Chemist: 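Got a structure here, written out as structure tokens. Questions coming.
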Amino acid sequence: MMKKITISLTLLFSILCLVLSGCGKQAGSEFVGTWKYSGIYRGEHYEKTYDTFYVIEKAQNGDTAYIVTRYELTNSTAKPSGKTELDTQKKQFPAQYKDGILEKDFSEKYYLEDGKLKTNASKNIYERVSDKSMTFEEMNNGRGYPTPK
């Protein structure tokens with residue numbers, strides 16, 4: 001009887017430790033992965049569809065350091081010719097995790113709301129498309145966008 005109580009208490013204590021430790025997750029790990037927003041712009045002289053991706057990875061240095069890579073894949077169609085042009089832009093920058101927010105700098109901050117990525121720099125809402133950091137080739141997926149420089 002005493003042995004069962006000891007085993008039960010040990011098991012309960014172990015579970016409690018796992019729950020309280022967050023299962024070993026690092027601060028900010030909820031941001032890691034690939035996030036996407038798709039949009040359309042209809043202008044007088046052209047129409048543009050675009051996919052904006054944020055790829056967020058843990059940096060090698062420091063517990064709260066992250067690397068954010070922003071890709072914008074743009075498909076512009078000229079009016080009235082119908083000529084199509086594909087373009088890819090890539091920007092990469094460091095970010096720091098602090099109090100539930102990922103900060104690029106004082107002007108740009110990223111946060112999660114209802115499982116979606118938001119930024120104070122735009123009204124766009126980014127959906128998680130992968131828990132891992134996707135490569136450009138995975139995002140392009142044979143669509144013919146040029147490799148970013």
Side-chain angles (χ1 to χ4, degrees), residues 10-149:
T10 304
L11 200 61
L12 183 65
F13 183 72
S14 298
I15 291 169
L16 186 63
C17 286
L18 275 174
V19 170
L20 292 177
S21 71
C23 300
K25 283 192 170 188
Q26 291 184 318
S29 63
E30 65 272 19
F31 287 93
V32 172
T34 304
W35 304 81
K36 177 183 176 185
Y37 172 81
S38 296
I40 298 174
Y41 171 80
R42 291 186 171 94
E44 188 178 333
H45 302 289
Y46 67 95
E47 183 173 297
K48 172 171 96 168
T49 59
Y50 56 92
D51 291 330
T52 304
F53 291 90
Y54 278 103
V55 178
I56 302 175
E57 307 172 88
K58 186 82 179 91
Q60 298 300 321
N61 55 340
D63 290 343
T64 60
Y66 289 83
I67 300 293
V68 179
T69 308
R70 181 181 187 269
Y71 292 91
E72 188 159 315
L73 285 59
T74 308
N75 181 340
S76 299
T77 305
K79 294 179 184 175
S81 71
K83 181 179 180 241
T84 299
E85 185 179 316
L86 300 177
D87 185 42
T88 307
Q89 298 292 318
K90 175 185 173 183
K91 291 181 181 159
Q92 191 172 64
F93 49 88
Q96 288 292 321
Y97 179 81
K98 182 179 173 187
D99 299 329
I101 295 173
L102 208 54
E103 295 184 351
K104 173 184 174 188
D105 54 33
F106 66 91
S107 68
E108 196 162 351
K109 299 174 185 348
Y110 302 89
Y111 56 98
L112 297 177
E113 189 175 292
D114 299 327
K116 297 175 183 2
L117 181 72
K118 295 184 175 186
T119 174
N120 67 327
S122 80
K123 300 218 181 291
N124 299 344
I125 298 171
Y126 297 84
E127 302 275 343
R128 183 186 293 275
V129 292
S130 177
D131 288 338
K132 72 176 196 78
S133 303
M134 291 171 67
T135 64
F136 170 73
E137 289 73 23
E138 289 172 313
M139 288 177 253
N140 192 11
N141 196 21
R143 297 186 293 169
Y145 286 91
T147 303
K149 294 162 183 56

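Remember, predicted model here, so these are calculated numbers, not experimental data.
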Chemist: Can you measure from CD1 (Ile125) to OG1 (Thr119) and round to the nearest 0.5 angstrom?
Modeler: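 If I round to the nearest 0.5 Å, the distance is 12.0 Å.
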Chemist: Test Asn75 against Thr84 for side-chain contact (heavy atoms from CB on, under 4.5 Å), laying out the working first.
Modeler: CA-CA 7 Å; Asn75 181 340; Thr84 299; 3.0 Å; yes
Chemist: What I'd like to find out is whether the side chain of Lys36 reaches to under 4.5 Å of the side chain of Asp51, using heavy atoms alone.
Modeler: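 Answer yes - side chains close enough.
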Chemist: So, are Glu138 and Lys132 salt-bridged, with charged N and O less than 4.0 Å apart?
Modeler: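 The answer is yes: the pair qualifies as a salt bridge.
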Chemist: Would Tyr54 and Tyr37 count as a close aromatic pair, with their ring centres under 6.0 Å?
Modeler: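 Not close enough - the centres of the two rings lie 6.0 Å or further apart.
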Chemist: Considering only heavy atoms from C-beta outward, does the side chain of Leu112 approach that of Leu117 to under 4.5 Å?
Modeler: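 A side-chain contact under 4.5 Å exists here.
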Chemist: If I compare all heavy atoms of Met134 with all of Thr34, which pair ends up nearest, and what's the gap?
Modeler: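 That closest heavy-atom pairing would be N-OG1, 2.8 Å.
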Chemist: Are the side chains of Met139 and Thr88 in touch, meaning some heavy atoms are under 4.5 Å apart?
Modeler: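 No - every pair of side-chain heavy atoms lies 4.5 Å or more apart.
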Chemist: Would you say Ser38 and Thr49 make side-chain contact, with heavy atoms under 4.5 Å?
Modeler: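 No, too far: nothing below the 4.5 Å cut-off.
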Chemist: I'd like to check Tyr66 versus Val32 (side-chain heavy atoms, cut-off strictly below 4.5 Å). Are they in contact?
Modeler: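 Result yes, sub-4.5 Å side-chain heavy-atom pair found.
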Chemist: Is it the case that over 12 heavy atoms from other parts of the model lie below 6.0 angstrom from the CG atom of Asp105?
Modeler: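 Yes, enclosed.
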Chemist: Atom NZ in Lys90, atom OH in Tyr71: separation rounded to 0.5 Å?
Modeler: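 The distance works out to 4.0 Å.
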Chemist: So do Ile40 and Arg42 actually touch side chain to side chain, heavy atoms under 4.5 Å?
Modeler: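 Yes; the side chains approach each other to less than 4.5 Å.
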Chemist: If you take all heavy atoms of Asp63 and Lys58, which pair is closest and at what distance?
Modeler: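 Asp63 and Lys58 have their closest heavy atoms at O-NZ, 2.7 Å.
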Chemist: Drop me the distance from Glu72's CD to Tyr145's OH, to the nearest 0.5 angstrom.
Modeler: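 One gets 10.0 Å once the value is rounded to the nearest 0.5 Å.
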Chemist: Rounded to the nearest 0.5 Å, what separation is found between the CH2 atom of Trp35 and the CD atom of Glu127?
Modeler: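 Spacing of CH2 (Trp35) from CD (Glu127) equals 9.0 Å.
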Chemist: Do Lys48 and Tyr50 meet the cation-pi criteria used here (NZ or CZ under 6.0 Å from the six-membered ring centre, within 45° of the axis)?
Modeler: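 Yes, cation above the ring, under 6.0 Å and within 45°.
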Chemist: With the side chain counted from C-beta on, respond yes when Leu102 and Ile56 share a heavy-atom pair under 4.5 Å apart, and no when they do not.
Modeler: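 SC-SC contact between Leu102 and Ile56 confirmed.
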Chemist: Can you find a pair of side-chain heavy atoms, one from Leu73 and one from Phe136, that are under 4.5 Å apart?
Modeler: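 Touching, per the 4.5 Å side-chain cut-off.
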Chemist: Kindly compute the distance separating CD (Glu47) from NZ (Lys79), expressed to the nearest 0.5 Å.
Modeler: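 Output value for this atom pair is 6.0 Å.
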Chemist: Checking the side chain of Lys91 only, and the main-chain atoms of Val68 only, is there a donor and an acceptor separated by less than 3.5 Å?
Modeler: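 No; zero donor-acceptor contacts below 3.5 Å.
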Chemist: Nearest 0.5 Å please: distance from the CD atom of Glu30 over to the CZ atom of Arg128.
Modeler: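 Separation between the atoms: 8.5 Å.
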Chemist: Nearest heavy-atom pair of Val55 and Ser133: which atoms, and what distance?
Modeler: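 Scanning both residues, the minimum pair turns out to be CG1-CB, 3.5 Å.
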Chemist: Return the minimal non-hydrogen interatomic distance between Asn61 and Ala65, and the atom names on each side.
Modeler: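 Result for this residue pair: O-CB, 2.9 Å.
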Chemist: Where do Glu108 and Asn120 land on the side-chain contact (heavy atoms from CB on, under 4.5 Å) test, with the steps shown first?
Modeler: CA-CA 6 Å; Glu108 196 162 351; Asn120 67 327; 4.2 Å; yes
Chemist: Do Glu103 and Lys98 meet the salt-bridge criterion of a basic N to acidic O distance under 4.0 Å?
Modeler: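 Looking at Glu103 together with Lys98, the answer is no, because their closest N to O distance does not fall below 4.0 Å.
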